[in-house]
Structures are given as C-alpha cells and as structure tokens.
Amino acid sequence: MESGRIDVSSLDGPFDLQSTLESGQTYLWERADGDDYVDSAAYGGDAWYETVLPPTPELTDRPTVVRARQRGGVDERRSSADRTQSDHVDDGTIEWEAGAVPADAGAADAPAAPTEPVDGEAILTHLLRLDDDLAAIYDALDDLSLLSRAFDRYRGMRLIRDPPFPCLISFICSAQMRVSRIFGMQHALREHYGTPVDLDGRTLYAYPTPEALAARTEDELRELSLGYRAPYVQRTAEMVADGEARPEDARGLPYEEARDAATQFVGVGDKVADCVLLFSLGYLQAIPLDTWIQTAIGDYFPDCDGGNYAETSRAIRERLGADLPEREEVFGESGADAYAGYAQTYVFHHLRTDGD
DNA sequence: TATCCAAGGTAAGTT
DNA sequence: AACTTACCTTGGATA
C-alpha cells in the first residue's frame, strides 16, 4: 500500500471527510473502526474510512483498496448541538493509503493483498471531488437563507464521484428505504458477492461486478433483505453484464437526455436517475427530487412546484442555478446551473439530520 | 409483547 | 398523459 497526505489548505475551499461520506450520497465506504456500517450516529473521531473499488473504467483496472482519514481539531465536533467551524475542515490533513490487487495474484481461495502501488491522491481527488472550488460555490449561493445555514453546519462537505455501476445499484436499493438500511444492503451485497481482498489479515470486499450480480437469482438477492428491489438489481446487472447498456453511457449527453437514458435500467425512475447523474456522472445541475427535497421546495420555493417531476426539476434548477457569477470557471465540465446539485446535497443532509 | 407505519420510489395497470 | 395501487422489509413508535 502506498501512503501519503493531502493538506486541506491546498484545496479550493474547505473539506470534511465525515459529512462527505456519511451524508447519504455514497454507500460504498465503511468506517474501519466501527462494528456497524457508516451511518452510525456516534461520531468516530478521526477514524479511517475504507472502500474497495471494483475494476472501474477510467479509474482502475484492478480491485483497489483506498483508505482515508482526516486529522486535526476534531474533538469539538463531538457535540453536534454546539458544533461550529473547526480547524481541520480548513487546515487539517487527509491521510491516505491505497493499493491495487496485482493481476496475477490470488489464485483461488485466499484473498489477494493490494500490493501494487497506485496514486491515492489522484484517486481521492476524483472520488471526493477535491477538485471542486467549494469556496466559490458557497459565495455564489450563500444569500439563500436555507442554504446558508446548511453550508455553515456542514462546512466542507463535498459531492462524491462514485463509480457508475455501484452507484446505480446502490440507488436502486434506496427506494423507500432509510439511509441506515441502504448502507446495510450494500454491505451485504459486497460481503456475499464481492471480490475479497486481504488487508493485513482483515478481509475487505470490492463492490460486486455486473456479472456477479447478474448471475444471482431474485430469491438469492431477496435473502439479503432487498425486498422488491431484488429483481430490479438482478435485471439491471444483467443489462450491464450483457452489454445492453452501461450507466456511464449517459455521460456527455445534455442533462435531460442523460436522465432519460438512465431510466432505461429496471428500477430506475427520474429520481434514481438524478442520483446517478449527480453522484457519479458529474451532472452537478441534477437535483434528485426525493421526499425531503419535495418538502423543502414546498416550504421555501412553492412556485417551483410544477406538478410533475420534469417541470419541478426544471424550475428548481433554474432557481438555484440562475444568474450566478463565475460558474463557467468553477464548473468547466458542467456548464450552466451547475450549483444546483450542491445545494440539494446540503439541504437533504441538513433536513434529514437536523429535523428542520 | 403486539400492531402499525413510514422509509431518499418504481412499474404496471386504469382512466 | 395523469392518476392509482401494489410492492418487501424492518426499526421505531404507539397501544
């Protein structure tokens, strides 16, 4: 395993590892010292977070272990009630360890070790969107009171860039589910059908490949408590494994076309499609209209309720993305109204966590 | 201890 | 196209 550190002060704007990984954007990381999945309410201090990337186009071609923790001044965050901005979010350090499983390793039974060095800083920068200019995003949106409060409370939370297939499956599982249980489902999928990797005597599991999930039966997946999502997961995995479609094929299409393209997968409607676009494919203008956000729109932007998903989506994107300065420089890859997804993520986490 | 209910929706069947 | 309904499972609330 290679190791290294990233100084938060070298980034454009703050960074907070815990809120980034525990805000319900991603279900692919686990806290290493926890006996529970990541959503545990108890704060884990400066704990390590771990993920095992399956072979992922444009990122890694081998199962790759990535670990990260953030250090510096975390104690004051223990009490959420009087939590304020803390030093580590602006001046802390992200420590990382990363390694890939060699192609010729692990013949049969024994899990292979991630002995091949990889560039952990580049991978983390990608996965945790350390390349976004978060300070500029705050500046642009801070005049909206709801957002201002959420920005302050979860200062440093960034959007995620999950690998496409695991993101797709985990949000298919999210339908009518609590965040804590979505973590549990993904944990079960990894442990049952993921490639095992040995890390210093512990066994970690990569997210299952499309082929691995396509080979399961609906009943087998129901045994993991997926409920009615089991056939959705199996059939969508089959579509990807058979080469019929891949979630990343939507990349490059105009936003609304990309959303339509993503809904071809079984179990994927507009909301889950928006999640994949936002949390994996870099469409920062996507706002998944879940129950929390629908409520917030009713409370704060009632005129944006267009009566159906497509119209409400268009209205709220315009409201949160319109007339903002410098967006071309901040979001070269995404273009206009690209702040909307950041706003959504803060509002979702704020409402869900603080019961506002 | 038993029962009820809602949880980051979607697909399929009716008007 | 807009509107209904069924769908698995389970932790937490209520009786």
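Lettering of chains follows the sequences in order, A, B, ..., and the numbering in each one begins at 1.
- For the segment residues 211-226 of chain A, the set of residues with a heavy atom within less than 4.0 Å of an atom of DNA chain C comprises A/Arg222, A/Ser225, in numerical order.
- Looking only at atom types and distance, the side chain of A/Tyr342 has a donor-acceptor partner in the side chain of A/Asp132 under 3.5 Å away.
- Taking the side-chain contact (heavy atoms from CB on, under 4.5 Å) definition, one finds that A/Ser10 meets it with A/Ile6, A/Asp7, sequence neighbours left out.
- Residues that satisfy the side-chain contact (heavy atoms from CB on, under 4.5 Å) test with A/Ala343, not counting sequence neighbours, are A/Leu141, A/Leu147, A/Leu320.
- A donor-acceptor pair shorter than 3.5 Å cannot be found between the side chains of A/His88 and A/Asp46.
- With the 3.5 Å cutoff on both pairing distances, Watson-Crick and G-U pairs in DNA chain C assemble into runs of at least 3 at B:1-7 with C:9-15, B:9-15 with C:1-7.
- A donor and an acceptor atom sit less than 3.5 Å apart, one in the side chain of A/Arg229 and one in the base of C/dC8.
- Closest non-hydrogen pair, A/Ala214 versus A/Gln234, comes out as O-NE2, 3.0 Å.
- Rounded to an integer number of Å, the gap from A/Leu351 CG to B/dA7 P is 13 Å.
- Checked by atom type and distance alone, the side chain of A/Arg67 never pairs as donor or acceptor with a backbone atom of A/Glu97 at under 3.5 Å.
- If you take CZ of A/Arg178 and P of C/dC8, they are 19 Å apart, rounded to a whole angstrom.
- As judged by a 4.0 angstrom heavy-atom cut-off over every strand, A/Thr295 is placed among residues making no nucleic acid contact.
- Side-chain contact of A/Asp131 with A/Thr125: a donor-acceptor pair under 3.5 Å is absent, judged by distance alone.
- Identified under the side-chain hydrogen bond (donor to acceptor under 3.5 Å, both in side chains) test for residues 258-275 of chain A, with sequence neighbours left out: A/Tyr255-A/Arg259, A/Tyr255-A/Asp274, A/Arg259-A/Ser313, A/Asp274-A/Tyr309.
- In this structure, a donor-acceptor pair under 3.5 Å is present between the side chains of A/Tyr49 and A/Glu22.
- When ring centroids are compared, A/Tyr154 and A/Tyr346 stay outside the 6.0 Å threshold.
- Side chain to side chain, A/Gln176 and A/Tyr228 fail the donor-acceptor criterion of an N or O pair below 3.5 Å.
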When you compare the protein's N or O atoms with those of nucleotides 9-11 of chain B, which come within less than 3.5 Å of each other, and at what distance?
| from | atom 1 | to | atom 2 | distance (Å) |
| --- | --- | --- | --- | --- |
| B/dG9 | OP2 | A/Gln176 | OE1 | 2.8 |
| B/dG9 | N7 | A/Gln176 | OE1 | 3.4 |
| B/dG9 | N2 | A/Tyr228 | OH | 3.1 |
| B/dT10 | OP1 | A/Gly269 | N | 2.8 |
| B/dT10 | OP1 | A/Gly269 | O | 3.4 |
| B/dT10 | OP1 | A/Val272 | N | 2.9 |
| B/dA11 | OP1 | A/Gly267 | N | 2.8 |
| B/dA11 | OP1 | A/Val268 | N | 3.4 |

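- Comparing B/dC5 with C/dA6, their P atoms sit 15 Å apart, to the nearest whole Å.
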